[in-house]
Structure formats: C-alpha cells, structure tokens
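The block underneath contains the structure these notes are about, expressed in structure tokens.
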Amino acid sequence: MEEKISLIADKIKHSSRLVVFTGAGISTESGIPDYRSQGGLWDKFKPVYFDEFMSSKDARIRYWEQRLTMEKDLSKAIPNKGHTAIARLHELGLLKTVITQNIDGLHQES
C-alpha cells in the first residue's frame, strides 16, 4: 500500500495541472450527510429540480425552506482532513482547480 501511495504522491508532485473533483462524500466526515445514503438529505427533503424551481413559486418556497433547515448543520461544520489536504495542495501551488457540487463552503474555509 505504501508503494501505491508513494506513486500517487509522486504523480501529484510532478503535475502541472492537478484538478480535484469532489462531491458530498468529502463532507460526511464533517457531519454533513450526503444526499443519497440512508439518513441523507433526500430522506429528509424531496429534491427540487431546476425546471421545477424555475416554473413554480411553491417549489422555490420549498427549496428555500429546505435550504434554511440545512444551513443549521452547514454553519456548525468545520473542514476535515480531506478539505485541508486539498487546501495544502493549493498552498503548495500544485492545484489548478477544485470542481465540486458542494454548497457547504468547506473547501473555501479550509
């Protein structure tokens, strides 16, 4: 395993355009549930899709009510080791960009 980790670390070190893709899974260690897992956000809330959001006042109200409820958990969360490792890559000048669907702000905070 250490050999594989060393190989990945070497590739990262010598990369000129490192891009990191993340999703909800990176923030679960920070106490933010993902969407699809049991006990996740979709167990608590019905998703509001973009077309529904744009065409229905009720859907927009439902979305913002859900968002305000989620904000309580988001405001308590702090970056975890995954977030700080990505931030460290940025500090070292190795990271070109982060692409994420996350709305928790933990990448920016880290």
Side-chain angles (χ1 to χ4, degrees):
M1 182 62 118
E2 287 189 31
E3 185 178 319
K4 290 179 181 180
I5 292 170
S6 293
L7 178 64
I8 291 169
D10 191 55
K11 287 185 181 290
I12 289 171
K13 184 178 177 182
H14 293 96
S15 172
S16 62
R17 291 187 233 160
L18 184 64
V19 176
V20 172
F21 289 87
T22 67
I26 195 168
S27 296
T28 56
E29 189 180 319
S30 295
I32 299 173
D34 65 27
Y35 285 90
R36 293 173 183 88
S37 297
Q38 187 174 13
L41 293 173
W42 285 357
D43 279 353
K44 298 175 186 174
F45 306 114
K46 178 185 177 232
V48 178
Y49 296 101
F50 182 74
D51 59 340
E52 184 184 10
F53 182 90
M54 295 303 292
S55 64
S56 166
K57 179 180 177 181
D58 289 340
R60 289 189 293 277
I61 290 170
R62 189 171 77 244
Y63 170 82
W64 286 110
E65 286 173 343
Q66 292 174 4
R67 178 60 198 234
L68 288 172
T69 300
M70 288 184 342
E71 198 63 38
K72 293 173 190 170
D73 290 334
L74 298 179
S75 67
K76 296 179 211 169
I78 60 171
N80 63 50
K81 291 178 183 178
H83 296 107
T84 54
I86 294 169
R88 183 71 178 132
L89 291 172
H90 174 71
E91 290 168 2
L92 292 170
L94 298 172
L95 184 62
K96 177 86 172 160
T97 194
V98 175
I99 299 172
T100 187
Q101 63 183 11
N102 293 0
I103 59 170
D104 55 35
L106 295 178
H107 284 300
Q108 294 86 338
E109 189 176 333
S110 64

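Every heavy atom of this structure was used, including side-chain atoms; hydrogens, water molecules and symmetry mates were not.
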Stepwise, does the side-chain contact (heavy atoms from CB on, under 4.5 Å) test hold for H90 with V98?
CA-CA 9 Å; H90 174 71; V98 175; over 6 Å; no
I'd like to know whether E3 forms a side-chain contact (heavy atoms from CB on, under 4.5 Å) with L7, so could you lay out the CA-CA distance, the side-chain angles of the two residues, the decisive distance to 0.1 Å, and finally the verdict.
CA-CA 6 Å; E3 185 178 319; L7 178 64; 5.9 Å; no
Just do the side-chain contact (heavy atoms from CB on, under 4.5 Å) check on I86 and I26 with the steps written out, would you?
CA-CA 11 Å; I86 294 169; I26 195 168; 3.6 Å; yes
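A donor-acceptor contact shorter than 3.5 Å links the side chain of S110 to the backbone of H107. Proximity of a side-chain donor or acceptor of T28 to a complementary backbone N or O of A24 within less than 3.5 Å is not detected.
The two residues T84 and K81 have their closest heavy-atom pair at OG1-O, 3.1 Å. Here the closest non-hydrogen pair linking L94 and L18 is O-CB, 3.1 Å. Across S27 and D104, no two heavy atoms sit closer than the pair OG-OD2, 2.5 Å. Heavy atoms only, all atoms of each residue included: A77 and S30 are closest at CB-O, 3.7 Å. Listed here is the closest heavy atom pair of K72 and S75: O-OG, 3.0 Å. When every heavy atom of R62 is checked against every heavy atom of K46, the shortest pair comes out as NH2-NZ, 3.7 Å.
Pairs passing the salt bridge (Lys or Arg N to Asp or Glu O under 4.0 Å) check and including a residue from residues 11-30, sequence neighbours excluded, do not occur.
Residues L89 and I99 are members of separate hydrophobic clusters, defined by side-chain heavy-atom contacts under 4.5 angstrom among Ile, Leu, Val, Met, Phe, Trp and Tyr. Under a hydrophobic-cluster definition in which Ile, Leu, Val, Met, Phe, Trp and Tyr are linked whenever side-chain heavy atoms come within less than 4.5 Å, directly or via other members, L95 and V19 are assigned to different clusters.
Counting non-hydrogen atoms of neighbouring residues, nucleotides and ligands closer than 6.0 angstrom, the CD atom of E91 exceeds 12 such neighbours. I78 CD1: 12 or fewer foreign heavy atoms inside a 6.0 Å radius.
Taken from CZ in R60 to CE in M54, the straight-line distance is 7.0 Å, to the nearest 0.5 Å. Of the inter-residue distances, the one linking D58 atom CG with F53 atom CZ reads 12.5 Å to the nearest 0.5 angstrom. The distance from the OG1 atom of T69 to the CH2 atom of W64 is 12.5 Å, given to the nearest 0.5 Å. Taken to the nearest 0.5 Å, the CD1 atom of I103 stands 7.5 Å off from the CD atom of E71. Once rounded to the nearest 0.5 Å, the distance linking CZ of F45 with CZ of R67 reads 11.0 Å.
With contacts defined as side-chain heavy-atom distances shorter than 4.5 Å, the pair N102/I32 does not qualify.
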